[in-house]
Amino acid sequence: MFTCPLSADVYLRILEQRDAEPLFDLTDRSRQHLRCWLPWLDQVVRLEHTEAFIAAGLRQFADGLGMQAGIWRGGCLVGVAGLHPIDWPNRQGSLGYWLGAEQLGQGLATLASRALLRTAFLDYGLHRMELRAATGNLRSRAVAERLGFTLEGVARDAEWLYDHYVDHAVYALLADDWQDLA
Ligand SMILES: CC(C)(COP(=O)(O)OP(=O)(O)OC[C@H]1O[C@@H](n2cnc3c(N)ncnc32)[C@H](O)[C@@H]1OP(=O)(O)O)[C@@H](O)C(=O)NCCC(=O)NCCS
């Protein structure tokens, strides 16, 4: 299975069914901070919902459409980073990530995303990676900017978040630009 060391005690590993309990527990502990920017918290209220997410991620990987990986630190699951389903006709993918509430501010999302960009451009051979964040999600936008993504524009009312729409800041990184950053 896909595993990728990120530092001495941090690694990415594709999520498997044995990770369902720690992933559900992490989600449950982080609900309040995740709810600010992720739309699916009300659909993940029981372990079986996390199991279904993991199963969908494994199907996605088997179908060559990307993956959903856990971020592990010191043997504990601390977040999730993934490549959303790849748009093969256009050789395009997009990144998503979240961290447990206690794991912010240590560079883990940036580190994990950097590794997924290598996977996207080198292993999958993609041409363009997109990263979308609500315009008010300054922490996520900072990750995109730290990774060298270019802000291409704002998609208005692009996502329904429980009781209101948010605009998306649309960032992208092309394979050639990524190689220039290396
Ligand atoms: C988006 C999210 C993952 C960003 O988390 P984050 O901790 O701010 O991002 P990183 O893990 O990359 O850490 C960056 C911080 O660590 C610091 N840092 C320390 N070491 C670092 C390193 N080696 N490399 C990069 N940053 C480092 C940075 O200076 C930055 O600190 P700051 O917050 O004081 O500016 C987090 O806010 C989250 O889970 N949000 C809810 C879900 C969400 O919004 N997902 C994205 C939807 S688009």
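In listed order, ligands and their atoms are each counted from 1. All values below were derived from every heavy atom in this structure, side-chain atoms included, with hydrogens, water molecules and symmetry-related copies excluded.
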### Message
Evaluate L104 for polar contact with ligand 1, using N/O atom pairs at a separation under 3.5 Å.
### Response
no
### Task
Decide whether T110 and R146 meet the rule of one side-chain donor and one side-chain acceptor closer than 3.5 Å.
yes
### Query
So between L99, L138, L111, L108, whose heavy atom ends up nearest atom 5 (O) of ligand 1?
L99
### Between CG on residue L83 and CG on residue L116, distance to nearest 0.5 Å
5.0 Å
### Task
Counting heavy atoms only, name the option from W37, W98, Y97 that's nearest to atom 46 (C) of ligand 1.
Y97
### Message
Distance alone, cut at 3.5 Å: any donor-acceptor contact between the side chains of E159 and H168?
### Response
yes
### Query
Which of these, A109, S7, P39, S30, has its nearest heavy atom closest to atom 3 (C) of ligand 1?
A109
### Query
Side-chain contact, heavy-atom cut-off 4.5 Å: S113 with Y97?
yes
### ligand 1 contacted by G105 (non-hydrogen, < 4.0 Å)
yes
### Query
If you measure from CZ on F24 to CG on D19, what distance do you get to the nearest 0.5 Å?
15.0 Å
### Summary
On a heavy-atom basis, the closest approach of L173 and G148 is CD1-O, 3.4 Å
#### Entry: Any N or O of A133 closer than 3.5 Å to N or O of ligand 1
no
### Task
Tell me whether the guanidinium CZ or amine NZ of R141 lies under 6.0 angstrom from the six-membered ring centre of Y171 and within 45° of its axis.
no
### Task
Mark yes or no for whether Y11, through its side chain, and G75, through its backbone, hold a donor-acceptor pair below 3.5 Å.
no
### Task
Using a strict cut-off of 4.0 Å, indicate which atoms of ligand 1 neighbour a heavy atom of R132.
48 (S)
### Task
Heavy-atom contacts with R146 under 4.0 Å: which atoms of ligand 1 show up? List them by number with element.
12 (O), 14 (C), 25 (C), 30 (C)
### Message
To check your reading of the model: name the closest protein heavy atom to atom 26 (N) of ligand 1, its residue, and the distance in Å.
### Response
G107 CA, 3.4 Å
### Message
Regarding E21 and R18, does a basic nitrogen lie under 4.0 Å from an acidic carboxylate oxygen?
### Response
no
### Message
Heavy-atom distances under 4.0 Å decide this one: backbone, side chain, both or neither, for N137 against ligand 1?
### Response
side chain
### Task
Establish whether atom 37 (O) of ligand 1 and some protein heavy atom are separated by less than 4.0 angstrom.
yes
### Query
Would a 4.0 Å cut-off, counted as strictly less than, catch a protein heavy atom around atom 16 (O) of ligand 1?
yes
### Task
Between Q106, R139, H168, E159, flag the one that comes closest to atom 19 (C) of ligand 1 by a heavy atom.
Q106
### Summary
Value for CD (E16) from CZ (F61), rounded to nearest 0.5 Å, stands at 10.0 Å
### Task
Using a distance threshold of 4.0 Å (strictly less than), state whether atom 23 (N) of ligand 1 has a protein heavy-atom neighbour.
no
### Query
Which one of Q103, R141, R35, H33 has a non-hydrogen atom at the shortest distance from atom 41 (C) of ligand 1?
H33
### Task
Using a 4.0 Å heavy-atom cut-off, say whether T110 meets ligand 1 through its side chain, its backbone, both or neither.
both
